[in-house]
Amino acid sequence: MPEMLLISDATDAMMTRMAEAFTVHRWQDHDMDWLSQHGGAITHVVTDGHLGIAPAVMSALPNLQMISCNGVGYDNIDTGEALRRGIMVTHTPDVLNQEVATTAVLLMLACYRALLRDDTYVRSGAWETGGSAPLTHSADNRTIGILGMGRIGQAIAAKLAPWNPTILYHSRTPKDVTYTYYDDLTAMAAAADVLICITPGGAATRHLVNADVLAALGPSGTLINVGRGSVVDETALIEALQTGALGWAGLDVFEDEPRVPQALRDLPNTVLLPHVGSGTIETRAAMGTLTVDNLLQHLTEGTVKTPVPECAGL
Ligand code: A2R
């Protein structure tokens with residue numbers, strides 16, 4: 001039976017299908033010593049976008065043919081090295097678009113309507129003696145800038161429609177959409193009430209949202225990040241939120257997750273989620289199915305459903 005290394009978690013449904021075709025080795029049960037003995041037998045890897053695959057692990061798998069990533073982002077997989085070695089890398093685009101879009105809208109609404117503050121007001125009993133809660137701001141009719149108008153960015157724009165927004169976007173190249181393109185991120189932030197980040201991570205997007213962009217978004221502005229923590233300069237973000245240079249932040253991703261700076265946790269004008277953008281049972285099941293579909297199709301037919309763009313020509 002062919003052998004595979006499972007780096008990430010897997011659902012029972014995924015395990016059942018993988019174990020029918022492979023001897024499955026869980027990375028959590030092994031170490032580099034074991035890998036130096038057994039690495040030659042492993043042809044396939046399943047991981048996720050957060051864990052990816054460490055360069056040392058990849059080097060210790062001389063006969064690796066394929067990495068199936070359970071997630072759309074794959075910035076922790078060295079696709080340059082994979083391409084050089086002829087290793088196919090797949091990911092799970094599209095099946096999570098709607099869920100991540102829901103998370104973005106949820107964060108935006110929670111910021112505008114001070115959902116957590118008002119929930120605490122009721123739960124703490126403060127409402128019984130304190131009278132009406134302070135008024136909030138409306139999320140309707142806002143100008144919303146989307147950084148990254150790809151599959152998920154477009155799903156976010158569509159899902160926002162009932163709030164009657166004006167949608168702006170920034171990416172390196174204009175897309176075939178009806179929204180207004182900005183080739184300059186800071187200019188877009190200056191024009192927007194809300195900035196929603198949904199680009200890939202990695203070196204090319206690191207700290208795209210810096211102090212200048214946050215200052216342009218301004219004291220009544222709201223930053224939402226459902227892409228990757230590395231895209232936002234977290235130190236600059238904390239300072240902007242502390243000084244009032246930025247109004248609100250709704251964050252699902254962080255620079256060093258799961259570690260979240262205490263300063264961010266202490267701020268009242270943040271809504272913080274533990275990277276659950278796609279984290280529903282239904283969407284994770286769909287992602288798991290596609291992850292294993294790619295794995296098994298590669299094993300049996302030598303083809304895959306959803307290669308990462310870098311490996312599409314392999
Ligand atoms: O820049 P373009 O024209 O390649 O547009 C892509 C944009 N993007 C960037 N925008 C500005 N500066 C950059 N350096 C940059 N790099 C990429 O991000 C495109 O509009 C968007 C990515 O869209 P998709 O490839 O369709 O990705 P999808 O499925 O929307 O997922 C986005 C990310 C994942 O990579 C995970 O990190 C996260 O959402 O879950």
Side-chain angles (χ1 to χ4, degrees), residues 8 47-52 67 69-79 89-107 144-160 167-189 192 195-210 212-213 216 223-233 250-257 273-280 283-284 286-287 290-291 294 305-312:
S8 56
T47 187
D48 64 24
H50 179 64
L51 295 169
I67 301 167
C69 177
N70 189 356
V72 66
Y74 50 93
D75 36 295
N76 288 323
I77 299 173
D78 185 347
T79 50
V89 180
T90 61
H91 64 153
T92 63
D94 288 317
V95 293
L96 41 55
N97 292 354
Q98 293 305 323
E99 210 66 70
V100 179
T102 295
T103 304
V105 175
L106 182 71
L107 283 169
I144 301 177
I146 300 182
L147 167 56
M149 188 47 77
R151 290 169 292 244
I152 303 174
Q154 290 179 41
I156 292 171
K159 195 156 275 199
L160 283 166
I167 302 277
L168 322 174
Y169 73 101
H170 169 72
S171 47
R172 290 167 299 186
T173 53
K175 310 297 171 199
D176 186 18
V177 293
T178 54
Y179 314 118
T180 305
Y181 178 66
Y182 276 72
D183 62 6
D184 184 89
L185 175 57
T186 310
M188 182 176 81
L195 175 62
I196 301 180
C197 306
I198 185 63
T199 63
T205 56
R206 186 169 185 278
H207 290 188
L208 270 184
V209 178
N210 56 25
D212 291 344
V213 173
L223 175 77
I224 304 297
N225 190 3
V226 287
R228 283 288 182 266
S230 58
V231 176
V232 176
D233 180 341
L251 309 170
D252 184 44
V253 289
F254 303 87
E255 280 205 81
D256 187 28
E257 59 190 56
L273 292 178
H275 201 155
V276 290
S278 64
T280 62
T283 294
R284 288 288 167 83
M287 292 164 64
L290 181 52
T291 301
N294 276 316
K305 287 181 189 297
T306 48
V308 301
E310 294 89 332
C311 294

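Predicted model, so just to flag it, every value in this text is computed and none were measured. Both counts, for ligands and for their atoms, begin at 1 and track the order of listing.
- Atom NZ of Lys305 is surrounded by 12 or fewer heavy atoms from other residues, nucleotides or ligands within 6.0 Å.
- For Tyr169 and Tyr182, the ring centers are positioned 6.0 Å apart or more.
- Taking each heavy atom of Gly71 and Met287 in turn, the nearest pair found is CA-CE, 3.8 Å.
- Using a 4.0 Å heavy-atom cutoff, Ala204 is listed among the residues neighbouring ligand 1.
- Within the model, atoms NZ of Lys175 and OH of Tyr181 stand 7.5 Å from one another, a figure rounded to the nearest 0.5 Å.
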Verdict with reasoning, Asn70 to Thr92, per side-chain hydrogen bond (donor to acceptor under 3.5 Å, both in side chains) = CA-CA 6 Å; Asn70 189 356; Thr92 63; 4.6 Å; no
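- Across the listed options Arg151, Arg228, His91, Arg151 owns the non-hydrogen atom lying nearest to atom 28 (P) of ligand 1.
- The backbone and the side chain of Ser171 each have at least one atom closer than 4.0 Å to an atom of ligand 1 (non-hydrogen atoms only).
- A distance of 12.0 Å separates CD1 in Ile196 from CD1 in Ile152, rounded to the nearest 0.5 Å.
- Atom CD1 of Ile224 sits about 9.0 Å away from atom CD1 of Ile144, to the nearest 0.5 Å.
- Nearest heavy-atom pair across Val276 and Thr103 is O-OG1, 4.0 Å.
- Some N or O of Arg172 is nearer than 3.5 Å to an N or O of ligand 1, by distance alone.
- Residues Lys159 and Val105 approach most closely at CG-CG2, 4.1 Å, considering heavy atoms.
- Every atom of ligand 1 with a heavy atom of Pro200 under 4.0 Å away is listed here by number and element: 17 (C), 18 (O), 22 (C), 33 (C), 35 (O), 37 (O).
- Contact atoms of ligand 1 toward Met149: 20 (O) (distance under 4.0 Å to a heavy atom of the residue).
- Checked by atom type, the side-chain pair Thr205/Arg228 shows no donor-acceptor distance below 3.5 Å.
- Residue Lys175 has at least one N or O atom closer than 3.5 Å to an N or O atom of ligand 1.
- Looking at atom 32 (C) of ligand 1, its nearest protein heavy atom turns out to be Ile198 O, 3.7 Å.
- Given atom 19 (C) of ligand 1, the protein heavy atom at minimum distance is Gly150 N, 3.8 Å.
- Within ligand 1, the atoms closer than 4.0 Å to a non-hydrogen atom of Thr205 are 13 (C), 14 (N), 15 (C), 16 (N), numbered from 1 in the order shown.
- Ligand-side atoms of ligand 1 in range of Leu208: 12 (N), range being under 4.0 angstrom from any heavy atom.
- Of all protein heavy atoms, the one lying nearest to atom 34 (C) of ligand 1 is Val72 CG1, 3.7 Å.
- Using a 4.0 Å cutoff on heavy atoms, Val100 does not count as a contact of ligand 1.
- For a threshold of 3.5 Å applied to N or O pairs, the pair formed by Ile152 and ligand 1 contains at least one separation below that value.
- Backbone and side-chain nitrogen or oxygen atoms of Thr173 are examined, and one is located within less than 3.5 angstrom of a nitrogen or oxygen of ligand 1.
- For a threshold of 3.5 Å applied to N or O pairs, the pair formed by Leu147 and ligand 1 contains no separation below that value.
- Counting only heavy atoms of the protein, atom 7 (C) of ligand 1 lies nearest to Gly148 CA, 4.0 Å.
- In summary, the atoms of ligand 1 found under 4.0 Å from a heavy atom of Thr199, numbered by their order in the structure, are 9 (C), 10 (N), 18 (O), 33 (C), 37 (O).
- Thr280 and Glu99 are linked by a side-chain donor-acceptor pair at a separation below 3.5 angstrom, with hydrogens and angles left out of the test.
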